Amino acid sequence: MINIEHVTKKYGDFTAVNDLSLTVESSEFLVILGPSGCGKSTLLRLINKMIERNDGVITVNGENIDDLKGVQLRKTIGYVIQNIGLFPHMNVYKNIATVPRLLKWNEDTIAKRVSDMLALVGLEPTIYQVKTPAQLSGGEAQRIGVARAMASDPEILLMDEPFGAVDPINRLRLQKEFRKIQRKLKKTVVFVTHDTDEALLLADRICIMNKGEIVQVDTPENIVLHPKNDFVKDFFKEEGILTILSRKPAVDYAEPFELDENPLHQDATMRDVLLTMLTTGQERVSLINGSISWDALLQIAGSDVHDSE
Amino acid sequence: MINIEHVTKKYGDFTAVNDLSLTVESSEFLVILGPSGCGKSTLLRLINKMIERNDGVITVNGENIDDLKGVQLRKTIGYVIQNIGLFPHMNVYKNIATVPRLLKWNEDTIAKRVSDMLALVGLEPTIYQVKTPAQLSGGEAQRIGVARAMASDPEILLMDEPFGAVDPINRLRLQKEFRKIQRKLKKTVVFVTHDTDEALLLADRICIMNKGEIVQVDTPENIVLHPKNDFVKDFFKEEGILTILSRKPAVDYAEPFELDENPLHQDATMRDVLLTMLTTGQERVSLINGSISWDALLQIAGSDVHDSE
Amino acid sequence: ACNSSTDEKSEEAVNPDDPIVVGSFVDTEGGILGNMVLLILEENGYNITDKVQFGTPDVHRNALLQDELDIGIDYTGNGQYYAENVDEEVWRDASEGYETIKKYDKENNDLIWLAPANANNTEMLAVKKEFAEKHDLKTLDDFADYVNDGGEVTLITSQLFAEKKLGLLGMEEEYGFNLDSDQTIMLPHGNTAEMISALVQGTDDVNVSLVYGTDGSLPDLNLVVLEDPLSIPPVFEPSVVVRAEVLDEYPDIQNIIEDVFTSIDLEDLQHMNKDVIVDGLSPKDVARDYLTEEGFLD
Amino acid sequence: MITINDKTLLLLSSIGAAAFVFLNLIKHKPNRILPGEPYTSFEIFGNIGITILLVWGVFIVFSFVELKHKNKIIFILTTGLIIALFSLLLSNVEALIDGQSSARISFSAGFYVQLFCIYMLFSTYTERIKNHTYIKWIGLLSIVGFFYYFTNTDAFSNLSLVKEYTIKKEQFYDHLRIHALLTFASVITGAFIAIPLGFLAYSRKKLEDKIMVPLSIIETIPTFALFGVLLVPLAGLGSLPFFEQIGVSGIGWAPAYVALTLYTLLPIGRNTLTGFHSVNQNVIEAATGMGMSNRQILQKIELPLAFPVIFTGIRIAFIQTIGGAVLAGLVGGGGMGTFVFLGLGEASPDLILLGVLPIVFFTILLDYILRTIEKIIGGIIYD
Amino acid sequence: MLYYKSPEVMSMTVNKKGLFVAAFLTILLTVIVIYSKGFEQILYKFFSSKSENGSRTLLVVYFFEHLWMVILSSLIAIVLGTAIGIFITTSYGREFKALLLKTVNLGQAFPSPALLALAVPILGYGIKGALIALVIYILMPIVYNVVIGIEEVPKDIVDAAKGMGMSEVEVYRKIKIPLALNVILGGIRTALVINISATTLAATVGAGGLGVLIVNGVKTFDMVLILEGVIPVTLLAIIVELLLKALQQRLIWNS
Ligand SMILES: Nc1ncnc2c1ncn2[C@@H]1O[C@H](COP(=O)(O)OP(=O)(O)OP(=O)(O)O)[C@@H](O)[C@H]1O
Ligand SMILES: Nc1ncnc2c1ncn2[C@@H]1O[C@H](COP(=O)(O)OP(=O)(O)OP(=O)(O)O)[C@@H](O)[C@H]1O
Ligand SMILES: [Mg+2]
Ligand SMILES: [Mg+2]
């Protein structure tokens, strides 16, 4: 659990984070969204004591971070920095192995772990672990950064736009993978992104920031359907609704009306249903356990139910 | 015009670009899409001679780039590199003024230009031009990179994920702004992104790459509606249709059937129409010159007409 | 001829365009003798460039050879390093050594050695007075006995002196003693002031030191010289060396300088050295005092 | 628990106090070369000496406590300490000398160590006082004033160092000027040669060894040998009209200047090479991508970014040359080396110090000058 | 900003040729040192000489005296200089930075002949004084390059390291020092070459070394003696320069 109370951070005269209070529950996945320059990265760096606050109190798992050594604190927190910061003098293997080595894991375990992490971020271990950062493409480097932060399996993860340079296919896979891991291992994650889809897909709660302050903290549904003000509304540009649809498995809403067509696959979401309608031009889409009509879809979209996953 | 013929680039044994041929027409906006590591950045760097090819011919405006001096070539081509690469020892003003100064513009013109460029990328000139790169947030730095590449108003622009770290509000503004400029000034743009929405929104043609080769080059509509294979299909995950909708102004499709409601604003697209339906739960949406029904929308989505803009 | 010049010397300098360059070694004696030459020539109306105490012996020599100096001061015994194919023994005789190097340099290098001062700045060994009294040391013969009886010795010396036939090596041979390498501290330079101060302060248990004949500080420092009845080392008499070309142009300077130099004897030089080293007077003042006392200057 | 508030202060004042208590302050020498009788601070200062020890003690205490105007107080006390140390010393040595004409006073380790600590404190706290510039000026002026006043009396005349100075007074300032001139001229010439060489080694990989190895070889030629080697060509050069006019010859400043210049080539050249090697490739790529020519990249990107490392090389060369310039004394080039080598020849430590102390002082000055230059150049190339 | 090129680029510069030359020169040096008499004879053929080999000491002795002093003083200076340099960039030592750098400056500026002379009354004749003087003399390039090297490591990378929970020691060991290594070793190389040459000064305090030959040669106008001293010194310097370069490239990529 991370508790942030009335925290302020100034760079010279400029206030980057202003009297901000926020609580991240244990094993919660909190996404921070906000325009460029609103203080998201600054907030993350305040949590793991990379920079000093001007005011306020931060506790991590109940302990005031002022009472903890920065080094100790950061060892228990994984951190993906925004500009990746791979160590240029180490190859990919050594980059990922850094924290496990600090923690003096045995080398076999490390080798296994590096391999797993590379596989997780979708890079072939045998090819990539010997490359150096200069030999990586932008998206590859970013994924190595994520792998590195997760290598030691920290309880808390701070991630600063970790998938910004990754293509949609890999990104979706990563998001899903990552969400699954987080659920299973009950990690506490603070995740900065500017991708609203990503936020809606991953978040337990979303924290919308602007100009160093919090505008709204709430569940994805509430944020999309009950935006607190125009700023939030503009941020999602209505299309949040599509992502909300993509959090709803289609099978949960099937009507007992069988069609003579190929049904959508089992994992299809309500969003897939909508897209299928648009591409095929049909008003009703077949599912494995029935079908859904446009009218039903309209109703489901408008309803304010929580993620049933 | 850029003409690429049978170009191959290897890093050691690894083939990053493989026998690739592609033509970018004058004042065309070509977007390159593809998974991380497929050779997009490599391709851009081949065009402006940042790296040498192993094989093939590239001509720019009819001239073989082998006959041109790299320096000369690059002066006429704006280039936004993927990892931004701001000059750490220069403040923002000087970063942006670099090429104009190389071209010996007069200093007043430069000052005006820097100011304009900063405004274009949504950063307050007076505040930002004195900052140094170390004092910028990730998204701010990236936007400065774009401003810098465009400062000298080059005819050809190579842009490598220029908006990757920018938040959606700023991004959308930037995309629109940028597209407008490109149209007006008839610039030839090769634009790398991994954001399919961005690609569909901006492109005259999209070039899909995989493993150093071109999979499909076509207009956004054709790519979405007639993907050449599963790879392309997967890449867009059906939702390309939504972007296609967003390229179609709603007023163009209005049915003469007035509703008693607040109409959508004049610039609304078919996508806005769909989203409004979903959020409000209504089957018909009011426009300033009539209205559109769900049925009409379904039909329009399925039709294979070109961008009418 | 030495007092021929008048008070208006500066106005009608003998050589207004092209001053005579006078140089000497960068050491005390170089300072005294160099200034002496300088003062006396100025007194006689010559226009002088002052390079007194300007460099080490090798630089000084090279400077003369390369026409960078017009007048220098050197020691006859140094001829052993300059002249080639000469029997070593000649350097042990004052006049023979002088004539040899004079002839050699005149023929080979167009350098003229003027008549030297009658002061042998030769290499000798010195010990503390108490030490000499305690072990009853007067001559090198006594010293040889002392060494051979296993007396404790730490000798500080220059490497060149130590490794020469006309130096320590010769002494060892002739007087019959032998010093191990851990009984000697060898310095590459011949700076006896440093060696003497090591002897006086007992640095590293030094109890015997190389000294030069004209070192004036020995009595003040309670040091005595071990007599060398066989006169092993060469004779080093200070002599002014002039380039032949310069001498041709200003033939008078030979007499002017030789008058002064031949007036100097060992005691004079020791005394002057003492004034500079021990009492800290300026070499130029010391030189001027001498010249005035001897009547060369008013 | 005691917390150390100011480690620098604690370190320096402890050393200062220890030097006061344990080391000899001066030596009384009956003449120029006899070793002399050592005296401790207590023996010289008597009971008043306690005040000086007290100041050191106060500094030690201050290093543990938080004080409001600490920087200013320490600065003022330091200034006072310098003046007190000298005035006490001067007023007490008279009695020791007692009219013996060749007797003299030499400073010992205790004095130099305290002086060093005081200087370090002085410069540290000059930097720490941010606002009240007038306090700095008052401090500096009172020290200068103190020394200026006393140099015009004969209060210093019993000091061995001053006696040596009096003898050499005529030549002293000439030599000082020559020393400074030689240092600046050779380092600047060296920089003009070595920076392009370092760059060449960087831009043409093949040339790297061909450039760096000769620079190393030059560095290894011992000075004495180098002067001999230089004499002939320089004498030859000196016979040409132009060079004769500017005073080139095989002896004097010319060989010293050439030798010193040659010795600066390695540190500057090497740091230029490493400096260029250390420039971030991303940034160079961005610059290349903007169509900058190699020269422009060099000028606008590589040079500014490599500048800190290159300047470090120049700084090393400067400090090295300041000391190295004594070698000019061996070829009649003048400078402080004249005194150093005479002092060596006469085994007179104080004459050596007469040559060395100005060099030390000059180094301190140079440190300020170099920092200013660094800022100015930095300002220009980072513009 | 500091940056290291990819190993691909760097490895091209690891020149086998340099190592080869170094090996050849080492053999040459060994031969010269062992067969010093023969070496002398060869020199006599080309240069005239007046000394009749009265020397009590063999070249090999001088050479090893020289080498020994170089090794000892270099080791001390490298350890001390690196320690000081690192210390004053850390959060503990930053306070002492100005102080220590100024002290190092003064040490470097203090003319070494004077330092040696003033040290003799305290330390006596021989190697002790020489070592201290040498260490002080070569400390500055080492310390300064360590400081500048470490300070120029890019902030991003240090941030990433800190963010992973590395302690200051770990940040130094794993990140800062490896990345600063190029500049640090540059300083050490300069220092070593200077050292090999400066060690000739040790002769003036009776510590021996090749300086003895050179000084005597200069004093007696004996080119043979001078070269007997200068040639091994120069060979040694070239060998060290080439070996250190190779070492530098290895270290950087094996860190
Ligand atoms: N210098 C290099 N040495 C070896 N391999 C390299 C080098 N540079 C790039 N590569 C490889 O070439 C491939 C293509 O790289 P490129 O940077 O063009 O990818 P990209 O399409 O831009 O990817 P991204 O979207 O992640 O930026 C990648 O697999 C990368 O690992
Ligand atoms: N060292 C600094 N000095 C001055 N201003 C700074 C500094 N670092 C950041 N800022 C400013 O603080 C603000 C917040 O920066 P921060 O990096 O937290 O933004 P962000 O929300 O992460 O933005 P982005 O999405 O673009 O990464 C920005 O306006 C930035 O310009
Ligand atoms: Mg950020
Ligand atoms: Mg890329």
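Numbers restart at 1 for each chain; the letters A, B, ... are given by sequence-line order, proteins then strands. For clarity, every value in this text was computed on a predicted model and none was experimentally measured.
Only the backbone of E:Val205 comes within less than 4.5 Å of a heavy atom of chain C; no side-chain atom from C-beta onward does.
Note that CG of E:Asn216 is 10.0 Å distant from CE of C:Met186, once rounded to the nearest 0.5 Å. One finds the CE atom of C:Met195 at 7.5 Å from the OH atom of E:Tyr125 (value rounded to the nearest 0.5 Å).
Heavy-atom contacts from other residues, nucleotides or ligands closer than 6.0 Å to CD of C:Glu245 number 12 or fewer. No more than 12 heavy atoms of other residues, nucleotides or ligands sit less than 6.0 Å from atom NZ of E:Lys97. Heavy-atom contacts from other residues, nucleotides or ligands closer than 6.0 Å to CD of C:Glu152 number 12 or fewer.
When all heavy atoms of C:Leu187 and E:Thr204 are compared, the closest pair comes out as CD2-O, 3.8 Å. Closest non-hydrogen pair, E:Val212 versus C:Gln159, comes out as CG1-OE1, 3.0 Å.
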